[in-house]
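First up is the structure itself, then whatever we jot down about it.
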Amino acid sequence: DAGITQSPRYKITETGRQVTLMCHQTWSHSYMFWYRQDLGHGLRLIYYSAAADITDKGEVSDGYVVSRSKTENFPLTLESATRSQTSVYFCASRGVDSSSYNEQFFGPGTRLTVL
Amino acid sequence: QQQVKQSPQSLIVQKGGIPIINCAYENTAFDYFPWYQQFPGKGPALLIAIRPDVSEKKEGRFTISFNKSAKQFSLHIMDSQPGDSATYFCAASSLNTDKLIFGTGTRLQVFP
């Protein structure tokens with residue numbers, strides 16, 4: 001599939017379990033981002049990556065781990081899930097073309113519930 | 001200084017009305033101000049964006065008004081339609097950062 005995809009779309013897990021959310025893009029975009037969306041908080045950046053093997057923290061990175069061994073993939077791992085991590089998670093990507101400066105393209109989201 | 005404050009949190013208008021969503025920022029280094037539109041169950045998508053060298057940008061029924069001195073910008077939707085019902089996010093960014101800073105979102109409902 002062309003574009004940006006996320007899997008799974010829905011996930012229910014238990015407190016303390018490790019969970020990995022997958023993100024894949026086919027545009028060869030340099031930048032990739034993970035956000036969480038919660039009512040009243042909007043979209044908050046968890047982690048981002050400027051290129052393969054380069055990652056940096058966002059404003060809500062505690063409890064999350066990312067990796068980027070390939071340009072097209074950017075998995076997000078919750079090392080030990082907590083109820084406060086129940087949220088909708090969005091992956092996004094963007095290129096470096098100046099004509100689309102900073103436009104981010106979002107995936108369809110993963111709804112995660114931690115019981 | 002990194003915050004973008006958005007209001008109102010929700011908005012209800014009738015078809016044909018002109019909803020207005022407002023955002024304010026503090027960081028004077030911001031030089032790119034996009035609006036994203038999100039339909040239920042979907043990811044956000046870029047709707048329209050403005051740079052601070054202009055005070056207004058119009059694309060179809062959507063207009064951004066920008067006030068650099070007040071550090072505010074707003075989205076106006078002319079002749080609103082039920083299909084415009086969505087959540088709208090403002091955001092801001094600058095040349096020396098890779099990140100977008102998002103507002104908290106406005107849920108718009110347009111009734112027939």
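Letters A, B, ... are given to chains in the order of the sequence lines, protein chains preceding strands, and every chain is numbered from 1.
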- prompt: Do the side chains of Q104(A) and L100(B) get nearer than 4.5 Å, heavy atoms only?
  reply: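 The answer is yes, as the side chains (C-beta and beyond) meet within the 4.5 Å cut-off.
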
Shared hydrophobic cluster for [X] and [Y] (ILVMFWY, side-chain gaps under 4.5 Å):
X	Y	result
I48(B)	L108(B)	yes
I12(A)	Y10(A)	no
I20(B)	F33(B)	no
Y47(A)	I4(A)	no
Y48(A)	V60(A)	no

With a cut-off of 6.0 Å (strictly less than), are more than 12 heavy atoms of other residues, nucleotides or ligands near CG of L39(A)?
no

Exercise for review: Report, as yes or no, whether the 6.0 Å neighbourhood of atom CZ on R44(A) holds more than 12 heavy atoms from other residues, nucleotides or ligands.
Suggested key: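 Atom CZ in R44(A) is crowded, with more than 12 foreign heavy atoms closer than 6.0 Å.
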
- Determine, stepwise, if the pair H41(A) / F102(B) fulfils side chain to side chain contact (heavy atoms under 4.5 Å, CB included). CA-CA 9 Å; H41(A) 292 278; F102(B) 283 90; over 6 Å; no

Working to the nearest 0.5 angstrom, can you tell me the gap between T87(B) OG1 and L43(A) CG?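 Atom-to-atom, T87(B):OG1 and L43(A):CG are 10.0 Å apart.
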
**Prompt:** Given a strict heavy-atom distance threshold of 4.5 Å, which part of L45(A) is in contact with chain B: side chain, backbone, both, or neither?
**Reply:**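 The answer is the side chain of L45(A).
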
If one checks every heavy atom of R9(A) against chain B at 4.5 Å, the contacting part turns out to be side chain

Practice task
Check the pair Q38(B), F106(A) against side chain to side chain contact (heavy atoms under 4.5 Å, CB included), reporting the backbone distance first and the verdict last.
Solution key: CA-CA 10 Å; Q38(B) 183 184 29; F106(A) 283 79; over 6 Å; no

- For residues F89(B) and Q37(A), report the shortest heavy-atom separation together with the two atoms involved.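 Shortest heavy-atom contact: CZ-NE2, 3.2 Å.
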
With chain A, the option among P44(B), G105(B), A91(B), G103(B) that has the most non-hydrogen atom pairs under 4.5 Å is P44(B)

Is there a donor-acceptor pair closer than 3.5 Å between any side-chain N or O of Y31(A) and the backbone N or O of K99(B)? no

